[in-house]
Structure formats: structure tokens, C-alpha cells
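The structure presented is a predicted model; accordingly, all values stated were derived computationally and were not measured.
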Amino acid sequence: MKKSCLVLIAHGSKNPKWTAPFEKLVNDLSREVGEGKVFLSFMELAAPSLQDVTQKIVASGVTHFRLLPLFLANGNHLDHDLPAQVEAVKRHFSGLEVEMLPPIGQHPMFASLMRQLARECLT
């Protein structure tokens, strides 16, 4: 039986306060869907890396994960850097399935939320 999870990936920052909203998101989601189903990683400048998270989840028996970039749009990180990291993970953990999802900014719900927030700022 295939064991799956969701890995969120954000950019990262040298400022340790920057990771707090993402950690809260993962903690809140974990309370909702159960421990061991949602994980957080960072592209750079913060830990854990995608490689570190993958090592942890593979050790727990995960054979498939969906990777959700917490980015507004595609840029160099999503077009080049993240696919390279995903390929490195797949090479290192043979048999692991990684499904890279579009960034959250491309989701219609997120675009709608941004419009709604912008409209509220006009009033």
C-alpha cells in the first residue's frame, strides 16, 4: 500500500521569525489531518531542506509525496532550482514518487483571495 504525504516548500530566510507563519500553517494542518501527513521544507536559507524532509519521511515509510510550493508565481526557483532539487531527491531515494504541484499563487482560490483582500484595502 502506498503511503503518501504533503510537503510544503517555501523560499527561506536568514531571519528566524520569517519561518513562523509557515510553521504555524503546518502545525494547524497537522492537528486537522493528523501527524505525519504534512511537512515543511525550505528552498534555501532556512531548515529543513527538501532533502532533509525527504529523508525523514522515507524513513517513516512514505513512498509518495505531493510537493506544494508556497510561492505566488513561477520564477527561477520554480522553473529551475526546485525541479533540480526534486530530481536529486528522486535519484537519492529510488522508487520514491514526487508529484510537484503548481505554486499556490496559481490556484484560482488564492487569486480570488488576493482580489478580495485588495478590494478591502480600497475601502
A side-chain contact here means heavy atoms from C-beta on lying under 4.5 Å apart; do Asp81 and Glu44 qualify? no

I'd like to know if the side chain of Ser30 reaches the main chain of Val26, judged simply by a donor and an acceptor atom lying under 3.5 Å from each other, with no hydrogens or angles considered. yes

Check your understanding: Do Leu67 and Leu50 touch side chain to side chain, with heavy atoms closer than 4.5 Å?
Key -> yes

(message) Can you tell me if His92 has over 12 outside heavy atoms packed within less than 6.0 Å of its NE2?
(response) no

**Report entry** Derivation of the side chain to side chain contact (heavy atoms under 4.5 Å, CB included) call for Leu45 and His11
**Finding:** CA-CA 8 Å; Leu45 306 173; His11 185 277; 4.3 Å; yes

| Any side-chain heavy-atom pair from Lys24 and Asn27 closer than 4.5 angstrom? | no

Same apolar cluster: Val7 and Val33, side chain cutoff 4.5 Å: no

Same hydrophobic cluster for Leu96 and Val86, using side-chain heavy-atom links shorter than 4.5 Å among ILVMFWY? yes

Practice task
Could you tell me whether the side chain of Gln106 reaches within less than 4.5 Å of the side chain of Asn74, counting heavy atoms only?
Solution key: yes

Mind checking whether Phe110 and Leu70 sit in one hydrophobic cluster, side chains of I, L, V, M, F, W, Y counted as touching below 4.5 Å? yes

**Q.** Stepwise salt bridge (charged side-chain N to carboxylate O under 4.0 Å, His left out) check, Asp52 with Lys56
**A.** CA-CA 6 Å; Asp52 294 338; Lys56 177 181 177 178; over 6 Å; no

### Query
Does Leu8 reach the side chain of Leu29, with side-chain heavy atoms less than 4.5 Å apart?
yes

Q.
In this structure, would Phe65 and Leu78 fall into the same cluster of hydrophobic residues linked by side-chain contacts under 4.5 Å?
A. yes

So SG of Cys5 and CZ of Arg66: to nearest 0.5 Å the spacing works out to 11.5 Å

Are the side chains of Val89 and Gln51 in contact, using a 4.5 Å heavy-atom criterion?
yes

So CG of Leu82 and CD of Glu87: to nearest 0.5 Å the spacing works out to 10.5 Å

Heavy atoms of Pro69 and Pro102 approach each other most closely as CD-O, 3.8 Å

Interatomic distance, OG1@Thr63 vs CD@Glu97, rounded to 0.5 Å, equals 6.5 Å

Shared hydrophobic cluster, Ile57 / Leu68 (ILVMFWY, side-chain heavy atoms < 4.5 Å)
no

Heavy-atom closest pair (Gly36 atom, Phe39 atom, distance to 0.1 Å) is O-CE1, 3.4 Å

In the structure I gave you, are the side-chain heavy atoms of Val98 and Thr54 within less than 4.5 Å of one another anywhere? no

Note: Trp18 and Ala10 closest approach over all heavy atoms is CH2-CB, 3.9 Å

Counting C-beta onward and ignoring hydrogens, is there a side-chain heavy-atom pair between Ser60 and Lys3 closer than 4.5 Å?
yes

Hey, is CD on Glu99 packed in by over 12 heavy atoms from elsewhere, all under 6.0 Å? yes

Between Gln85 and Met43, the two heavy atoms sitting closest are NE2-O, 3.5 Å

